[in-house]
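Okay, so here's the structure we're looking at.
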There are 2 protein chains.
Amino acid sequence: MTDAPLIAILDDEPEIRRLLSAALEEAGFRTVGFARATEFEAALRRIQPDACLIDLGLPDRDGLALVHRLASESGAAIIIISGRAQVQDRVTGLELGADDYIIKPFEPAEVVARIRARLRRPQRDAGPGRQQVRFAGWSADFDRYTLTSPEGAETPISHAEAEVLRLFLDNPRRLISRAQMLETLGGTAGESFDRAMDVRISRLRTKLGEDPKNPRLIKTIYGAGYIFLAELG
Amino acid sequence: MTDAPLIAILDDEPEIRRLLSAALEEAGFRTVGFARATEFEAALRRIQPDACLIDLGLPDRDGLALVHRLASESGAAIIIISGRAQVQDRVTGLELGADDYIIKPFEPAEVVARIRARLRRPQRDAGPGRQQVRFAGWSADFDRYTLTSPEGAETPISHAEAEVLRLFLDNPRRLISRAQMLETLGGTAGESFDRAMDVRISRLRTKLGEDPKNPRLIKTIYGAGYIFLAELG
DNA sequence: GACCCCTGTAACAATTCGTAGGATTCGGGA
DNA sequence: TCCCGAATCCTACGAATTGTTACAGGGGTC
């Protein structure tokens with residue numbers, strides 16, 4: 001839980017791996033290096049890095065395909081390191097799901113700073129690990145689909161309710177428009193499906209013990225959307 | 001209503017602002033530009049951008065201080081654009097809380113790609129509701145949409161009322177003309193929409209407990225506009 | 001097959017907010 | 001000071017948005 005973040009390094013040049021892992025460990029990270037994409041992918045079943053530094057132009061695999069797969073399946077931050085400096089390369093790398101794109105030759109200090117910038121944000125971890133979030137005295141468990149009140153009472157929540165709650169927890173204290181919700185929750189636009197949103201929220205509100213006249217956690221902004229007010233922790 | 005992400009652009013060169021907003025709007029974003037940091041900061045009480053593009057080296061303020069404040073108080077993604085290409089500049093910018101650092105001259109396509117990369121991930125926690133303002137014994141909370149009287153009584157305020165109040169708080173003791181209000185609050189000019197303003201103000205006045213005969217906080221200047229009289233703090 | 005829970009739809013209630021119209025106030029000129 | 005037109009305020013009403021409840025279909029379990 002409070003371990004140092006783990007950074008995976010995928011680069012076929014041993015010299016670069018050494019340089020990077022030295023700088024990162026100096027900065028307080030744990031590192032693990034790989035020379036080939038196949039090794040790296042095999043290891044991903046065992047370890048769960050917080051960020052991946054990936055060198056494009058690997059000998060044994062198309063790096064961009066790997067980036068794409070990682071982006072959709074892993075919650076780790078993905079940072080490309082590449083010697084290809086063309087704007088088009090950078091754009092496609094980022095569009096495929098990379099979080100950053102660093103050009104060789106790079107400065108280790110900048111790599112560290114960019115990794116830190118990525119890890120500052122809450123990770124959306126996709127692993128099967130414990131998915132518990134605490135907020136305003138409550139505790140949500142997305143594995144067991146339960147909600148525990150500040151007093152300790154536990155009530156089950158449905159999948160639909162959990163989806164809404166997760167969206168709120170990912171964007172605390174930010175306005176979330178209806179359109180955003182429909183998009184995130186997979187509802188096809190328009191129709192009377194946004195009615196379903198209202199109902200989901202209404203049900204979630206009751207389970208959170210909200211006062212209908214004066215909701216404290218889920219606030220509705222007329223004509224704009226919703227705001228989830230809670231300190232995470 | 002607020003479907004497309006909103007990108008704020010802070011740069012003192014009009015040419016750059018035009019270039020960026022053209023590229024971003026082409027990519028489906030909404031944009032809003034500012035030439036000065038003070039304008040930008042005032043507007044932040046009113047608008048809620050999803051990402052901020054900030055040019056360092058602004059004439060009227062230290063850009064890095066602004067970045068630092070934004071990073072701790074806003075949930076928006078922060079991207080620095082700068083002509084200073086030294087590694088040390090980049091590192092300090094990122095350490096201060098920026099999410100990315102782009103060097104001039106930049107390619108608009110890459111800026112778009114990097115913004116997209118930022119917005120893919122859940123936004124940073126917006127911090128403990130920095131959206132509180134105190135004035136004349138009152139306290140306005142723009143997260144919870146409440147107004148607390150000097151005696152401690154709390155009344156909810158609607159979105160429309162909050163917009164007006166925010167505008168007043170951004171321009172204390174300064175005359176605000178009707179035209180200005182309509183423009184800021186998004187009302188399409190002319191028509192009988194300025195009647196709506198009257199009503200908004202009237203409702204806000206009642207919630208502030210104003211004496212209709214002798215308003216103390218929101219004063220109307222016949223034929224000119226309104227003035228909000230209050231010490232902020 | 002009977003039962004139960006989840007989830008969307010529909011119908012109705014409550015809230016928000018702009019519009020309309022008359023009442024009131026303001027400022028200038030007689 | 002008094003009067004008049006214009007600007008501003010206030011109240012009520014209605015359209016649009018959102019909340020809530022009841023109900024029906026679907027899928028899973030025993």
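Computation of the quantities below employed the complete heavy-atom set of this structure, encompassing side-chain atoms and omitting hydrogens, waters and symmetry-equivalent molecules. First the proteins, then the strands, lettered A, B, ... as listed; each starts at 1.
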Interatomic distance where [atom1] belongs to [X] and [atom2] belongs to [N] [whole Å]:
X: B:D198; N: C:dC26; atom1: CG; atom2: P; value: 15 Å
X: A:N214; N: C:dA14; atom1: CG; atom2: P; value: 18 Å
X: B:L204; N: C:dC17; atom1: CG; atom2: C1'; value: 14 Å
X: B:M197; N: C:dA20; atom1: CE; atom2: P; value: 17 Å
X: A:R195; N: C:dG8; atom1: CZ; atom2: C1'; value: 12 Å

So which heavy atom on A:A37 is nearest to which on A:L10, and how close?
->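 So the two residues come closest at N-CD1, 3.9 Å.
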
Closest-nucleotide ordering on DNA chain D, the 5'-leading residue of A:T220 and B:R178 = B:R178

So does A:R174 pair up with B:D50, basic N to acidic O under 4.0 Å?
-> yes

Is the shortest distance from a Lys or Arg side-chain nitrogen in A:E163 or A:R166 to a carboxylate oxygen in the other one below 4.0 Å?
->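 Not counted as a salt bridge, because no side-chain N and carboxylate O are separated by less than 4.0 Å.
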
Atom CZ of B:R216 with >12 non-hydrogen neighbours under 6.0 angstrom |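 At most 12 heavy atoms, drawn from other residues, nucleotides or ligands, come within 6.0 Å of this atom.
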
Would you say A:E95 has more than 12 foreign heavy atoms packed within less than 6.0 Å of its CD?
-> yes

Could you write out each protein N or O paired with an N or O of nucleotides 4-7 of chain C at a distance under 3.5 Å?
| unit_1 | atom_1 | unit_2 | atom_2 | d |
| --- | --- | --- | --- | --- |
| C:dT7 | OP1 | A:A160 | N | 3.3 |
| C:dT7 | OP2 | A:S158 | OG | 2.4 |

Sugar-phosphate only, base, or nothing, as touched by A:Y226 at under 4.0 Å among non-hydrogen atoms =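 Result for A:Y226 = sugar-phosphate.
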
Would you check, one step at a time, whether the test salt bridge (charged side-chain N to carboxylate O under 4.0 Å, His left out) holds for B:R144 with B:E154?
-> CA-CA 11 Å; B:R144 304 183 30 235; B:E154 192 178 276; 2.9 Å; yes

Contact check, side chains of A:D100 and B:R118, non-hydrogen atoms, under 4.5 Å | yes

With the side chain counted from C-beta on, respond yes when B:E41 and B:L66 share a heavy-atom pair under 4.5 Å apart, and no when they do not.
-> yes

Quick one: sort the A:F168 and A:Y226 rings into parallel, tilted or perpendicular, breaks at 30° and 60°.
->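 Rings of A:F168 and A:Y226: perpendicular, as their planes differ by over 60°.
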
Is the distance from OP1 or OP2 of C:dT24 to the nearest side-chain N or O of B:K213 less than 4.0 Å?
-> no

First and last nucleotide of DNA chain D in contact with chain A, 5' to 3', at under 4.0 Å to a heavy atom: what are they?
-> D:dA16 to D:dA22

